[in-house]
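Heads up, the thing below is written out as structure tokens.
Bear in mind that the values here come from a model prediction, so they are computed numbers and not experimental data. Atoms considered below: every heavy atom in the structure, side chains included; atoms not considered: hydrogens, waters and symmetry mates.
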Amino acid sequence: MRTRAATFLLIVLVIFLGWRFIRPMNIFLVDERFAWPVDTSQTPEVLTDLSAKQCANCHPDFYDEWQTTIHSQAWTDPYFQTDWQFDKRQHNCRLCHTPLDKQQPQKVLSYRDVDKWDPVLEDNPEFDKDLQHEGVTCAACHYRNGKIVGVIGDTDAPHPVKKLQDPNQICVRCHIVEGERWDTFFRFPPCGTVAEIRSTLKDTADPGSVSTTDMEPSPDNKVTDNMSEGSSTIDYRSLGCVQCHMPALERPLVAGGKSRMTRQHLWRGGHDPEMVKSALSFDFNDIDSTGDQDREKRVFRLMITNTGAAHYVPTGTPDRHLTVQLRILDAQDKVLDEENYSIKRTLMWRPFIIDLWDNRLKRWSPQHYEIETDNDGKAVKAEAIVKYHLLDEKRRQRIGYENKTP
């Protein structure tokens with residue numbers, strides 16, 4: 001009898017694990033903030049189709065900036081499209097890459113599961129393909145409940161306006177991704193940048209806290225998010241998303257208007273080399289400060305510190321990583337010694353999602369990389385090469401993405 005029971009349990013276990021290997025990959029919880037598209041049913045007539053080009057009539061500078069961003073390519077970006085197709089066109093990806101209901105080919109009526117990965121859909125007669133191709137368009141951030149939301153309330157705009165308590169409310173709609181499920185064992189899910197910031201604020205003594213300005217007052221610093229279906233209390237101002245990714249600039253809000261403090265709609269981040277560089281500080285030295293010429297070995301140490309980003313570097317998808325190459329060269333630039341390191345996050349995805357290791361750069365936590373060489377007079381140069389990679393090569397080949405641009 002016991003043998004039969006054990007055999008039955010073994011068969012059940014094998015079937016369960018087999019299902020875990022072939023099931024759709026639900027890698028995070030679908031938060032209430034983005035479980036449903038932004039409802040545009042109350043759009044005032046003056047805002048017409050909610051397109052970015054319509055906004056450009058009055059806000060040309062903001063439109064020009066937006067056009068240069070990855071946000072504007074959130075739907076059309078070839079890597080996203082390839083990755084999305086490979087992952088079986090998961091519907092909830094649309095809810096952040098094209099947040100407006102008119103950008104959705106189908107309406108979300110309800111969900112069959114608690115985790116909100118299995119929606120009940122029907123065709124959307126209001127679907128606007130041109131608007132879909134605008135990705136994270138102006139209205140995706142600035143339109144809520146029939147009004148245009150922003151940090152300035154005293155305007156003579158032809159459309160209704162609502163003042164935000166803090167602009168970081170908008171960022172959190174998509175970047176709040178959580179992963180606390182029974183079958184996941186990672187601290188931060190992909191796209192869980194807010195979770196990284198919160199962890200950093202909690203775990204490190206921040207000697208240079210996120211700078212903010214008085215242009216976005218937040219009286220009690222804690223804001224209840226009622227911008228969407230869900231509701232929770234978050235210290236938005238401490239996140240610093242806007243303060244870092246949208247530099248302040250004094251200029252007219254509308255063409256010909258009075259000059260006032262605004263923010264540039266640039267959102268430079270992981271796709272911008274200069275932005276990545278600005279997050280990191282480097283120190284590369286011979287670690288023997290005595291200058292002893294009789295020592296048998298010389299050791300060179302590269303120290304990298306994340307001094308500019310409140311989140312980890314790199315953040316976002318685990319495909320992003322840094323490589324460190326340390327080399328010792330002779331007078332003819334011949335390589336005498338070489339050491340290679342990776343700064344990345346490695347996950348096991350099936351049958352359960354588990355963080356295997358994560359040595360990414362936390363804020364204010366320096367990491368060291370060393371190379372040792374013989375002190376025989378041949379070495380004349382020590383070289384450190386740090387590269388940032390948006391995509392892992394094995395992943396690129398696996399999903400069939402053709403673009404080999406680093």
**OP:** Go through the steps to decide whether Lys258 and Asp156 satisfy the test salt bridge (Lys or Arg N to Asp or Glu O under 4.0 Å), and finish with yes or no.
**Re:** CA-CA 12 Å; Lys258 68 177 182 179; Asp156 296 322; over 6 Å; no

Original post:
So, does Asp374 use its side chain to make a donor-acceptor pair with the main chain of Asp376 at under 3.5 Å?
Top reply: no

Original post:
Hey, does the side chain of Thr69 reach the backbone of Ser72 with a donor-acceptor pair shorter than 3.5 angstrom?
Top reply: yes

**OP:** Decide if atom CZ of Phe8 counts as having more than 12 heavy atoms of other residues, nucleotides or ligands within a radius under 6.0 Å.
**Re:** no

**OP:** For Ser342 and Thr323, test the side chains for any donor-to-acceptor distance below 3.5 angstrom and give the result as yes or no.
**Re:** no

Subject >> Under 3.5 Å: donor-acceptor pair, side chain of Glu134, backbone of Ala52 >> reply: yes

Subject >> Donor-acceptor contact below 3.5 Å, side chain Asn375 vs main chain Arg298 >> reply: no

Subject >> Working for side chain to side chain contact (heavy atoms under 4.5 Å, CB included), residues Ile170 and Leu164 >> reply: CA-CA 9 Å; Ile170 300 299; Leu164 287 170; 3.8 Å; yes

Original post:
At what distance, to the nearest 0.5 angstrom, does NZ of Lys362 lie from NE2 of His311?
Top reply: 15.0 Å

Original post:
Which distance, rounded to the nearest 0.5 Å, do you find between the CG of Leu50 and the SG of Cys138?
Top reply: 10.0 Å

**OP:** Sort out for me which residue in Asp319, Thr317, Asn403 forms a side chain to side chain donor-acceptor pair (under 3.5 Å) with Tyr79.
**Re:** Asp319

Original post:
Below 4.0 angstrom, N of the basic side chain to O of the carboxylate: do Asp337 and Arg327 qualify?
Top reply: no

Original post:
Are Tyr143 and Thr40 close enough, and set up right, to give a side chain to side chain contact (heavy atoms under 4.5 Å, CB included), and what steps lead you there?
Top reply: CA-CA 8 Å; Tyr143 175 86; Thr40 64; 4.1 Å; yes

Original post:
Are Gln104 and Thr98 close enough that a side-chain donor and a side-chain acceptor fall under 3.5 Å?
Top reply: yes

Original post:
Aromatic rings Phe80 and Trp84: how do their planes relate, parallel, tilted or perpendicular, breaks at 30° and 60°?
Top reply: parallel

**OP:** Identify, with sequence neighbours excluded, every residue that meets ring pair (Phe, Tyr, Trp, His ring centres under 6.0 Å) alongside Phe284.
**Re:** none

**OP:** State whether Arg144 and Asp39 are salt-bridged, where the test is any N-O pair (Lys NZ or Arg NE/NH1/NH2 against Asp/Glu carboxylate O) under 4.0 Å.
**Re:** no

Original post:
Looking only at heavy atoms, which two atoms of Trp66 and Val136 are closest? And how far apart?
Top reply: NE1-O, 2.9 Å

Original post:
If you look at every heavy atom in Arg320 and His271, which pair is closest and at what distance?
Top reply: NH2-CE1, 3.3 Å

Original post:
Can you check side chain to side chain donor-acceptor pair (under 3.5 Å) on Glu393 and Gln397, steps first, answer last?
Top reply: CA-CA 6 Å; Glu393 176 60 18; Gln397 293 180 2; 2.9 Å; yes

Original post:
Parallel, tilted or perpendicular: which fits the ring planes of His389 and His321, with parallel below 30° and perpendicular above 60°?
Top reply: parallel

**OP:** Assert yes or no for the condition that the ring centre distance of Tyr111 to Trp36 is strictly below 6.0 Å.
**Re:** yes

Subject >> Side-chain (Asn168) to main-chain (Val242) donor-acceptor, under 3.5 angstrom >> reply: yes

Original post:
Do the charged groups of Arg301 and Glu339 touch, with an N to O distance under 4.0 Å?
Top reply: no

**OP:** Go through Leu336 and Lys378 one step at a time and tell me if the side chain to side chain contact (heavy atoms under 4.5 Å, CB included) criterion holds.
**Re:** CA-CA 8 Å; Leu336 302 176; Lys378 294 181 181 179; 4.0 Å; yes

**OP:** List the steps, then state whether side chain to side chain contact (heavy atoms under 4.5 Å, CB included) holds for Ile385 with Val324.
**Re:** CA-CA 6 Å; Ile385 302 171; Val324 177; over 6 Å; no

Subject >> Any side-chain donor near an acceptor of the partner, Ser199 and Arg363, under 3.5 Å >> reply: no

Subject >> Considering all heavy atoms, the nearest Gly270-Val276 contact >> reply: O-CG2, 4.0 Å

**OP:** Check whether any side-chain N or O of His175 sits under 3.5 Å from a backbone N or O of Val194 as a donor-acceptor pair, and report yes or no.
**Re:** no

Subject >> Any donor-acceptor N/O pair, His59 side chain to Leu253 backbone, under 3.5 Å >> reply: yes

**OP:** Flag the pair Val120 / Ser110 as yes when at least one side-chain heavy-atom distance between them is below 4.5 Å, and no otherwise.
**Re:** yes

**OP:** Find the distance between CE (Met275) and CZ (Arg268) and round it off to the nearest 0.5 Å.
**Re:** 9.5 Å

Subject >> Sidechain-backbone polar pair: Gln103 side chain, Gly135 backbone, donor-acceptor under 3.5 Å >> reply: yes

Original post:
Tell me the side-chain hydrogen bond (donor to acceptor under 3.5 Å, both in side chains) pairs involving residues 117-131, sequence neighbours left out?
Top reply: Arg112-Asp118

Original post:
What distance separates Phe86 CZ from Arg398 CZ, expressed to the nearest 0.5 Å?
Top reply: 4.0 Å

Subject >> SB check Arg345 Asp355 (cutoff 4.0 Å) >> reply: yes

**OP:** Using the test ring pair (Phe, Tyr, Trp, His ring centres under 6.0 Å), find all partners of His71 that sit at least two apart in sequence or belong to another chain.
**Re:** Trp267

Original post:
Judged by modelled atom types alone, do Thr315 and Thr193 share a side-chain donor-acceptor pair under 3.5 Å?
Top reply: yes

Original post:
Which pair of heavy atoms, one from Val313 and one from Ala309, lies closest together, and at what distance?
Top reply: CG2-CB, 3.8 Å

**OP:** Write down the atom of Val386, the atom of Leu302, and the distance for their closest heavy-atom approach.
**Re:** CG2-CD2, 4.0 Å

Original post:
Salt bridge between Asp83 and Arg395, side-chain N to carboxylate O under 4.0 Å?
Top reply: yes

Original post:
Do you see a donor-acceptor pair shorter than 3.5 Å between the side chains of Asn340 and Glu338?
Top reply: yes

**OP:** Tell me, with the steps shown, if Asn359 and Tyr312 meet side chain to side chain donor-acceptor pair (under 3.5 Å).
**Re:** CA-CA 10 Å; Asn359 66 346; Tyr312 285 31; over 6 Å; no

Subject >> Pairing of Asp392 and Lys394 as salt bridge, 4.0 angstrom limit >> reply: no

Original post:
Are side-chain N/O atoms of Trp357 and Thr346 paired as donor and acceptor at under 3.5 Å?
Top reply: yes

Original post:
Do you know which two heavy atoms are closest between Ala35 and Val108, and how far apart they sit?
Top reply: O-CG1, 4.4 Å

Original post:
Are there more than 12 heavy atoms of other residues, nucleotides or ligands under 6.0 Å from atom NZ of Lys88?
Top reply: no

**OP:** State whether Arg360 and Glu196 are salt-bridged, where the test is any N-O pair (Lys NZ or Arg NE/NH1/NH2 against Asp/Glu carboxylate O) under 4.0 Å.
**Re:** yes

Subject >> Donor-acceptor contact present, side-chain Gln81 to main-chain Trp75, <3.5 Å >> reply: yes

Original post:
Any luck finding a side-chain donor-acceptor pair between Gln367 and Tyr369 under 3.5 Å?
Top reply: yes

Original post:
Side chain of His91, backbone of Arg89: donor and acceptor closer than 3.5 Å?
Top reply: no

**OP:** Tell me, with the steps shown, if Ser281 and Thr305 meet side chain to side chain donor-acceptor pair (under 3.5 Å).
**Re:** CA-CA 5 Å; Ser281 297; Thr305 309; over 6 Å; no

**OP:** Answer whether the closest heavy-atom distance between the side chains of Ile328 and Ile371 falls below 4.5 Å.
**Re:** yes

Subject >> Donor + acceptor pair across side chains of Thr262, Arg251 (<3.5 Å) >> reply: yes

